Amino acid sequence: MKVGIMGGTFDPIHNGHLATAEAVNDALNLDQILFIPAARPPHKRGRQLADEFHRLAMTVLATCSHPDFHVSTIELERDGPSYAVDTVDALKNIFPPDAQFFYVLGADAALELHTWHNAFELVSKCFFVAATRQGTVFDLDAVHKNFPADLRHHIIHVETPALEISSTDIRDKILHRRSIKYLVPEPVEQYIRKERLYDH
Ligand code: ATP
Ligand code: MG
């Protein structure tokens, strides 16, 4: 069984996340992808996040129509900072022993993977998929160089459609009364409007 992991603050989840997840799902023939909203990302202490209940609700709304997409509350339910290594350990306890995990990352995040908490242990426990935009140059060797030789085959590269979308940009558009149509799934936009998220 091959299980993708899509972690993020999902504040809000957007079509860039979804298109990336689907491209990896398709390229690697995964059985399912788990979307895991983060509780307190160690690298995002500064900004106030939307309530985790809202981030979870939007993640469910965005993924519910895809048969392979699932949402896990594993990081929201855990106390303290969400470290990927703890998440992978917890998932290994839940899934059958033959399950292989593929943790999906944007190229930006892949270049910093070696700075993550217990990075070598983490990379020994699952595969990492650096999802890069078609047409952009990505130096997989530069990422590999940060890890011991015997772990390097655990970090792979998949090209995904180029979508210039970020949650930051979406929050900014809402604040300035601009359109977010086609940047997020329609139910997510409706939810954002109804709950008046990011508009003040
Ligand atoms: P923010 O703007 O608040 O940082 P974000 O859009 O980058 O939000 P995150 O929740 O931080 O979203 O990202 C979760 C994961 O999704 C990260 O691995 C990130 O690299 C990846 N990601 C984000 N946006 C895209 C995109 N447009 N295409 C592909 N991957 C993306
Ligand atoms: Mg980001």
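We count ligands from 1, going down the list as the structure has it; atoms in each ligand are counted the same way. Quick note: numbers below take in every heavy atom, side chains included, and nothing from hydrogens, waters or symmetry partners. As the structure is a prediction and not an experimental result, all values here were calculated from the model.
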Looking at ligand 1, does Gly7 have a heavy atom less than 4.0 Å from it?
yes
With heavy-atom distances below 4.0 Å as the criterion, list the atoms of ligand 1 near Leu105.
18 (O)
Report, in ascending order of atom number, the atoms of ligand 1 lying under 4.0 Å from any heavy atom of Arg171.
3 (O)
Within 6.0 Å of CZ in Arg193, more than 12 heavy atoms from elsewhere
yes
Should you measure from each heavy atom of Thr20, which atoms of ligand 1 turn up under 4.0 Å away?
28 (N), 29 (C), 30 (N)
In ligand 1, the atoms that come under 4.0 Å of a heavy atom of Gly106 are 18 (O), 20 (O)
What orientation do Tyr103 and Phe128 show, parallel under 30°, tilted 30 to 60°, or perpendicular over 60°?
parallel
If you measure from each non-hydrogen atom of Asp108 to ligand 1, which part falls under 4.0 Å: side chain, backbone, both or neither?
side chain
Please work out which of the three classes, parallel, tilted or perpendicular, describes the rings of Phe138 and His157, given edges at 30° and 60°.
tilted
May I ask which of Thr168, Asp172, Leu163, Ile165 has a heavy atom nearer to atom 1 (P) of ligand 1 than the others do?
Thr168
With a sphere of 6.0 Å drawn around CD of Gln190, does it hold more than 12 non-hydrogen atoms of other residues, nucleotides or ligands?
yes
Polar contact flag for Met6 and ligand 1 (N/O pairs, less than 3.5 Å)
no
So Phe101 and Phe95, would you call those rings parallel, tilted or perpendicular, with 30° and 60° as cut-offs?
perpendicular
Let me confirm one number: the NE2-CD distance from His17 to Glu22, rounded to the nearest 0.5 Å.
15.5 Å
Validation: residues 158-171 side-chain donor-acceptor distances under 3.5 Å, sequence neighbours left out:
{"residue": "Thr160", "atom": "OG1", "partner": "Thr132", "partner atom": "O", "Å": "3.3"}
{"residue": "Glu164", "atom": "OE1", "partner": "Arg133", "partner atom": "NH1", "Å": "3.2"}
{"residue": "Glu164", "atom": "OE2", "partner": "Arg133", "partner atom": "NH1", "Å": "3.0"}
{"residue": "Ser166", "atom": "OG", "partner": "Asp169", "partner atom": "N", "Å": "3.1"}
{"residue": "Ser167", "atom": "OG", "partner": "Pro12", "partner atom": "O", "Å": "2.8"}
{"residue": "Thr168", "atom": "OG1", "partner": "Arg171", "partner atom": "NH2", "Å": "3.2"}
{"residue": "Arg171", "atom": "NH1", "partner": "Asp11", "partner atom": "O", "Å": "2.8"}

Winner among His17, His14, Arg133 once heavy atoms are compared against atom 13 (O) of ligand 1:
His17
Which of the numbered atoms in ligand 1 are below 4.0 angstrom from a heavy atom of Phe10?
10 (O)
Mind checking whether Gly8 has an N or O less than 3.5 Å away from an N or O of ligand 1?
no
Report yes or no: do Ile94 and Val85 belong to one cluster of Ile/Leu/Val/Met/Phe/Trp/Tyr joined by side chain heavy-atom distances under 4.5 Å?
yes
Using a 4.0 Å cut-off to any heavy atom of Ser167, which atoms of ligand 1 qualify?
1 (P), 2 (O), 3 (O), 5 (P), 6 (O), 8 (O), 12 (O)
Do Val129 and Leu113 sit in the same hydrophobic cluster, where Ile, Leu, Val, Met, Phe, Trp and Tyr count as joined when their side-chain heavy atoms come under 4.5 Å apart?
no
Would you call Thr9 a ligand 1 contact, heavy-atom distance under 4.0 Å?
yes
